[in-house]
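First up is the structure itself, then whatever we jot down about it.
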Amino acid sequence: DTGVSQNPRHKITKRGQNVTFRCDPISEHNRLYWYRQTLGQGPEFLTYFQNEAQLEKSRLLSDRFSAERPKGSFSTLEIQRTEQGDSAMYLCASSLAGGGQAGEQYFGPGTRLTVT
Amino acid sequence: GDSVTQMEGPVTLSEEAFLTINCTYTATGYPSLFWYVQYPGEGLQLLLKATKADDKGSNKGFEATYRKETTSFHLEKGSVQVSDSAVYFCALVSGSARQLTFGSGTQLTVLP
């Protein structure tokens with residue numbers, strides 16, 4: 001399967017703990033995005049990378065959140081000192097660069113985080 | 001900032017009924033417009049897109065026309081099937097931005 005994969009699919013953690021999620025994009029895609037989706041809402045943009053460079057971060061990405069894409073392939077999203085408000089589905093997407101490709105993103109199945 | 005407004009759901013239709021899901025947007029410049037679909041237990045998938053005014057995107061019997069004058073991109077299908085049951089999201093990319101701005105989604109259930 002050459003789609004976008006995310007691990008873990010589900011994560012339950014206690015408030016105050018740190019969590020890390022992984023995303024493996026489609027191999028030839030050089031752009032990688034993170035979104036957050038809460039129940040009954042559409043995905044909200046968090047951050048994106050082009051190759052290994054993090055080019056944009058949303059104001060939703062507080063200083064407790066950090067994302068990396070060290071070799072321009074897979075990416076990790078870490079949340080430190082989790083809060084109950086962090087409970088959501090975290091989605092990863094990838095795409096090709098190029099003006100005509102903007103918006104044509106391929107999404108993974110998501111990681112559902114529950115903070116108790 | 002950019003925003004997308006979708007009709008409230010959920011929408012329940014009988015098989016072979018006509019479907020319209022309304023979508024309007026606010027954006028700077030000339031956005032590209034998209035419909036994404038999320039089937040139960042699956043990730044979001046691109047359904048169709050339109051990149052300029054009066055373009056019509058189409059796929060799997062679904063259509064949407066980019067209407068600049070009404071800032072709308074309504075999704076239509078002439079005859080829905082049970083397999084079309086899913087959540088549908090309208091989205092846009094505006095200007096130099098690379099990220100999608102999504103609406104809140106519309107849950108569609110098609111009954112046999």
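These numbers come from the heavy atoms of this one structure, side chains and all, not from hydrogens, waters or symmetry mates. Letters go in sequence order (proteins before strands), and every chain restarts at 1.
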Exercise for review: Flag the pair Phe102(B) / Phe45(A) as yes when at least one side-chain heavy-atom distance between them is below 4.5 Å, and no otherwise.
Suggested key: no
**Study point:** Neighbour count >12 (heavy atoms, 6.0 Å) for atom CD, Glu16(B)
**Key:** no
Point to revise | Contact class of Gln45(B) relative to chain A, heavy atoms under 4.5 angstrom | key: neither
Exercise for review: Counting only heavy atoms closer than 4.5 Å, note whether Glu56(A) contacts chain B via side chain, backbone, both or neither.
Suggested key: side chain
Practice item. Tell me, yes or no, whether the heavy-atom count around Leu55(A) atom CG, taken from other residues, nucleotides or ligands under 6.0 Å, exceeds 12. Key: yes
**Study point:** Cluster link Val4(B) to Trp35(B), ILVMFWY, side chain under 4.5 Å
**Key:** yes
Review point. Do the side chains of Tyr66(B) and Leu46(B) join up, straight or via other hydrophobic residues, at under 4.5 Å, putting them in one cluster?
Key: no
Practice item. Take atom OH of Tyr39(B) as the centre, draw a 6.0 Å sphere, and report whether it contains more than 12 heavy atoms from other residues, nucleotides or ligands. Key: yes
Review point. How about Glu8(B): does its CD atom have over 12 heavy atoms from other parts shown lying under 6.0 Å from it?
Key: no
Check your understanding: Taking everything shown except Arg15(A) itself, do over 12 heavy atoms lie less than 6.0 Å from its CZ?
Key -> no
**Study point:** Nearest atoms (heavy-atom pairs only) where Arg98(B) meets Tyr33(A)
**Key:** O-CE2, 3.3 Å
Check your understanding: When you measure from the side chain of Tyr106(A) to the backbone N and O of Leu44(B), does any donor-acceptor pair fall under 3.5 Å?
Key -> no
Revision key, fill the gap. CG (Leu100(B)) and OG (Ser95(A)) are apart, to the nearest 0.5 Å, by 9.0 Å
**Study point:** Side chain, backbone, both or neither of Leu91(A) within contact of chain B (heavy atoms, under 4.5 Å)
**Key:** side chain
Point to revise | Per-residue contact mode, Gln6(A) against chain B (heavy atom under 4.5 angstrom) | key: neither
Review point. Are any of the side-chain heavy atoms of Gln99(B) and Glu44(A) separated by less than 4.5 Å?
Key: no
**Study point:** Proximity of Tyr36(B) and Phe107(A) rings by center, below 6.0 Å
**Key:** yes
